[in-house]
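The next block holds one structure in the form of structure tokens; read it before the comments.
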Amino acid sequence: MSELSSRYNLKDAEKRLYQEWETKGTFRPRSDHGKPASGKPYVIVIPPPNVTGILHMGHALNNSMQDILVRWNRMKGRDTLWVPGVDHAGIATQNVVEKKLAKEKKTRWDLGREKFLEEVWKWKHEHGNTITRQLRRLGASCDWTRERFTMDEGCSKAVREAFVTLYERGLIYRGHYIINWCPRCQTALSDEEAAHKDVQGGLYHIKYPMIGKNPPYEKMGEDHMVVATTRPETMLGDTAVAVHPNDSRYKHLIGKKILLPLVNREIPVIADEFVDPEFGTGIVKVTPAHDPNDFAMGHRHKLEQVNILTPDGKINEKGGAYKGMDRFEARKRVLQDLEAQGLFVRRDSHLHAVGHCYRCDTVVEPYLSKQWFVKMQPLAEKALKAYDQGKTVFYPDRWTKVYLNWLRGIRDWCISRQIWWGHQIPAWYCRSCQTAGKEDVIVSRTTPENCPHCKSKNIQQDPDVLDTWFSSWLWPFSTLGWPEKTKDLEKFYPTSDLITAPEIIFFWVARMIMAGLEFRGEVPFNRVYIHGTVRAQSGLKMSKSLGNVIDPLEVIEEMGADPLRYSLVMLSAQDVYLSREKFEVGRNFTNKVWNACRFVLMQLQDLAFASTDSKQFEGLELSLPSRWILSRFEEKAAQIEKHLSQFEISQAAIELYHFVWDDFCDWYIELAKPMILSQDAALKLQTQKALFFVCEKILRLLHPFMPFVTETIWQQFKNKAQDSSQWADTLMLAPWPVEARGRFEDRRAQQAIGMLQEAVSGIRDLRARFQIAPSDKLKAVVVCKEKETQEILKTFEREVKVLARLEELRCVQEFQKKGAMVGNVFTAFDVFISLEGILDLEEEKKRLQKKIKETEQWIENILKKVENPSFAEKAPKEILEKEKEKLTDAKNLLISYQNQLASIG
RNA sequence: GCGCGGUUAGUUCAGUUGGUUAGAACGCUUCCUUGACAUGGAAGAGGUCAGAGGUUCGAGUCCUCUACCGCGCACCA
């Protein structure tokens, strides 16, 4: 009968549908097609996934949410743009290609810079579009004609512009500082890229002998001093020992000399307030080249900086006998040798935070080297000011504090990386000027041919590249054309919302805000929505190494993109804990929608009457169920709209789920069935109209959440409708169905259907409890407490009979029980069925007794409240009224229960 | 160490500015293949809202403390 099968299966249809949308240009802004738009443009830039990325659940959630917002705004008629793109992910991508080379037993140095970069570009062209292909599978309605890459020509130009501008403004400098160094990647990292993890390590106590004293060293403070360190190998670079100036234990030693063991270097005992006398022995070894604090101390005391490490984490020639050893090997050997010399005191177990490379998890070294930095304080001040002016709004609000705390404690940003894949720093050094002892740095937007100072051609570009985030922080405007003055930039900047995960608030969100203000004088987006993190059921992050990943593409293959999206979004009120079964919610719901629509299609072979216009109901005497569902629809649509506008996406999805499933499917469709089968042609027609109308509107509400299924069915609707000329080409462009409030508002219908639902459920409950087979003919009586109730329920006699499978139903106000009857009670009425041949009513007696107790307790509670003089005095009137109503209801219930008990007892 | 979350039904979680007898999903029990859907329908059981104080007429909701879990940040060697 229908061409739709009883289970949706859109595996192939999804791809086809997506292609159609894309090729027709539906994802592009209305203004691209010269179409009018309403309101301000709605613009989102995608958090660009790494070019090495493959879609994981975090992406799936993030992009589902963006797509929901984008599709919703598009349907609202706004000029809508979602800019997609990919990040070149400097270190990550270089690592991938280096690993590939390693399989051929080659290193990047074997190839040389140029050849290596060719290899990376080759890799990018072959594998770099995996993630964008996968985003399409998810249904992401990005404007792919505007797709960008952080290393494309435009973005590269933006990077240069940004660098040079900051340099010109005195906000970029180069200098020797302690930075985080990854010995495996062999590059500097920013503070954010060195992730601190707690490590159970050792705190080693070591004797440093005083000059002129001989072993055995026994008197602390006289012939030796004991230092405590977590990294013993760094002692090879010690250039002092420090104590607190007021520490009476050691005051007499300040200015004395110590003989640094193993290297036999004379080093001074200095006094510095940094030292905490309480910690360890109160004596600190000072290693200015390998510790940020020691570095600062070294500056204060003009100490020598002895770098003992090679870039790959081995001991260099300054380490004497330890030269060539890996740093951890050297640690062991240093300890052994100290022990052999009687200088090792003890090892305490010690929990401390150790920096790890966020790309390869190697322990990073604080390392002294010459790097480029951005002076962040002035940028942060602008961002803080923008916040004060209300220009930065985070959802949920709690992230604001995280953001502000970071800005307030901001430190300079190390932006140079000693890798090859990335934007090479636009700085050149002039050999001639250098030799002449003059300023040798040339920073330029264009590649210079010779030195602007001395005209020498002997210039060389800085070999380092910029931190990947140095291009990402420009993303909201570089993707729109900056630094060129493009139409897109003018039209779509600043963007509307940024949707992202909490992990990159510092890396990306905060920096984008700073860049936006610095380069464009405006915040880059009006609102920031931070959604939850996706975790495995166990609570751990999903990661390949833990083997606990659920591949979103497998879910798409198995169930479809819509179930994946809906499940994720429904679960996303906070962090999302996933297991395979959790996707069944979305799958079942998608199937429910599919079948409900299939039913509607089947009922309406002839859709000539089908209209999506609400005016069709004007002057029409609609039945109560239809009035009810229209009223519910209007109410729910407004709620969903409200939730979406506040980024309560999961709440919107949950509301929609219940409206569709409970109200529309379980009640309205069931109520509509007898009306459609009715002999009353007018009733039949208006029911069909309402059924169709609401169903089509539901498809619109659902579309942002489950685009594929809804579009598929909607096209069926459209094909069948006689006059489809007024329909949009695609559901994607059909107007969002939130109309002027109150058009369908109908409290009476809501109240009436509420009663009907109670009556039907009450009878069904009796049926179930007394095990009356569905086929058994049943007579029921509804005893109404008010005449009005009786009248309302009378109009539903037929519906109740069908839904509760009754042979006979009587609605009365006065009722004399005859024979054995059992019932259920409600505030406005009681329902009864007659029992034949059922003798055991003990269970029912117990149940009623329990109910009576509960109700008595309830009444008592209300009385306690109402009779409290201060309640009457202080509570608002409406609450007081409510309580009184409750009391009446409760008393009515109690009477009903007592009557019931008496009647069967 | 500082900060931020969380602790509600067997499980995973909602619960908006304090105001019906605290909800949902999954799971569980019972019944049902009725012409949209068994990825379904009907009904049911299940919670002293982590603990202790406090504010209030009224607290799951606000305040304080405690316990446990998670996550950030941080230079205690």
Side-chain angles (χ1 to χ4, degrees), chain A residues 1-2 4 6-8 178 196 203 227-231 234 242 274-276 278-281 283-287 291-296 350 352-353 366 396 398-399 401-402 405-406 409 502-503 505-506 533 535 537 539 559 563 570-571 573-575 577 579 581-582 584-585 587-603 642-643 646 648 650-651 654 657-658 665-666 669-670 673 760-761 764-769 771-775 803-805 854-855 857-858 861-862 865-866 868-876 878-880 882-883 885-886 889-890:
Chain A
M1 175 170 182
S2 165
L4 303 178
S6 69
R7 287 190 186 187
Y8 78 94
I178 294 268
H196 286 268
L203 183 63
V227 298
T229 177
T230 53
R231 293 183 298 153
T234 61
F274 164 77
V275 180
D276 176 5
E278 305 291 315
F279 188 88
T281 55
I283 307 170
V284 183
K285 61 191 274 306
V286 185
T287 324
D291 183 279
N293 298 310
D294 295 6
F295 177 78
H350 182 63
H352 61 145
R398 71 189 135 96
W399 295 109
K401 211 169 164 184
V402 176
N405 280 342
W406 186 76
E503 298 96 79
I505 291 178
F506 307 144
T533 303
R535 296 171 194 285
Q537 189 71 70
M559 303 178 178
M570 267 184 99
L571 291 165
Q574 41 173 250
D575 283 359
Y577 291 80
S579 61
E581 306 82 69
K582 296 225 169 149
E584 287 171 14
V585 184
R587 181 199 60 184
N588 295 355
F589 183 52
T590 312
N591 190 254
K592 189 74 184 175
V593 170
W594 178 262
N595 276 294
C597 293
R598 205 165 63 95
F599 170 77
V600 172
L601 271 171
M602 283 160 72
Q603 293 316 304
K642 193 176 165 216
H643 286 307
Q646 296 170 355
E648 291 159 0
S650 70
Q651 206 49 44
I654 291 167
Y657 177 95
H658 288 294
C665 294
D666 287 348
I669 286 186
E670 294 310 318
K673 281 174 184 172
V760 170
S761 296
R764 283 170 176 169
D765 175 33
L766 293 171
R767 230 185 221 294
R769 274 195 289 118
Q771 308 224 333
I772 300 162
S775 52
L803 295 180
R805 305 186 156 273
E854 280 172 12
T855 313
Q857 184 63 51
W858 184 27
N861 288 342
I862 302 170
K865 220 188 256 186
V866 178
N868 184 337
S870 33
F871 174 75
E873 211 175 290
K874 293 182 180 173
E878 46 180 79
I879 298 296
L880 199 75
K882 262 191 190 172
E883 289 299 324
E885 266 175 50
K886 270 199 281 180
D889 288 349

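Numbered from 1 within each chain, the chains take letters A, B, ... in sequence-line order. Reckoned from all heavy atoms, side chains included, excluding hydrogens, waters and symmetry mates. All values derive from a computational prediction rather than experimental measurement.
- Using a 4.0 Å heavy-atom cutoff across all strands shown, A/Ser761 reaches sugar-phosphate atoms only and no base atom.
- Residue-level contact check: A/Lys673 touches the bases, meaning some heavy atom is under 4.0 Å from a base atom.
- A/Arg764 comes within 4.0 angstrom of sugar-phosphate atoms only, judged by non-hydrogen atoms across all strands, and of no base.
- Comparing A/Ile879 and A/Arg769 by the nucleotide of RNA chain B whose heavy atom lies nearest to each, the residue mapping closer to the 5' end is A/Ile879.
- Of all nucleotides listed (B/C57, B/U12, B/A77), B/C57 comes nearest to the side chain of A/Ser870.
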Please encode protein proximity along nucleotides 20-31 of chain B as a string of B, S and -, counting only heavy-atom distances under 4.0 Å. SB--SS----S-
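- If you take CH2 of A/Trp406 and P of B/A74, they are 10 Å apart, rounded to a whole angstrom.
- With B/A77, B/U39, B/A36 as the choices, the nucleotide that has an atom nearest any side-chain atom of A/Val275 turns out to be B/A77.
- Contact annotation for A/Arg805: base contact, defined as any heavy-atom pair under 4.0 Å involving a base atom.
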Watson-Crick and G-U pairing of RNA chain B, under 3.5 Å, as dot-bracket with | and [ ]: (((((((..((((.....[...)))).(((((.......))))).....(((((..]....))))))))))))....
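- In this view, A/His352 and A/His350 satisfy the ring-ring contact (aromatic ring centres under 6.0 Å, His included) rule, not counting sequence neighbours.
- Contacts of A/His643 with the nucleic acid, taken as non-hydrogen atoms under 4.0 Å apart, are absent.
- The residue A/Phe506 sits close only to the backbone: its heavy atoms come under 4.0 Å of sugar-phosphate atoms, none of a base.
- Taking only side-chain nitrogens and oxygens, A/His352 never comes nearer than 4.0 Å to OP1 or OP2 of B/A74.
- A/Pro563 comes within contact range of no nucleotide atom at all, as no heavy-atom separation falls under 4.0 Å.
- Contacts of A/Cys665 with the nucleic acid, taken as non-hydrogen atoms under 4.0 Å apart, include base atoms.
- Across all strands shown, A/Asp765 has heavy atoms under 4.0 Å from sugar-phosphate atoms exclusively, and none from any base.
- Set against B/G19, B/A42, B/A77, the side chain of A/Asp291 has B/A77 as its closest nucleotide.
- Using a 4.0 Å heavy-atom distance criterion, A/Gln651 is classed as a sugar-phosphate-only contact.
- The base of B/A14 does not come close enough to the side chain of A/Gln574 for any donor and acceptor atom to sit less than 3.5 Å apart.
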Walk me through whether A/Lys886 and A/Glu883 qualify under salt bridge (charged side-chain N to carboxylate O under 4.0 Å, His left out). CA-CA 5 Å; A/Lys886 270 199 281 180; A/Glu883 289 299 324; 2.8 Å; yes
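- In this structure, the nucleotide among B/C71, B/A77, B/U39 sitting nearest to the side chain of A/Arg535 is B/C71.
- Among the atoms of the strands shown, base atoms are found under 4.0 Å from some heavy atom of A/Ala353.
- Within the 3.5 Å criterion, the main-chain N or O of A/Tyr577 finds a donor-acceptor partner in the side chain of A/Lys582.
- One interatomic measurement links the two molecules: OH of A/Tyr577 to C1' of B/A14, which rounds to 16 Å at whole-angstrom precision.
- A distance of about 28 Å separates the P atoms of B/U66 and B/G19, rounded to the whole Å.
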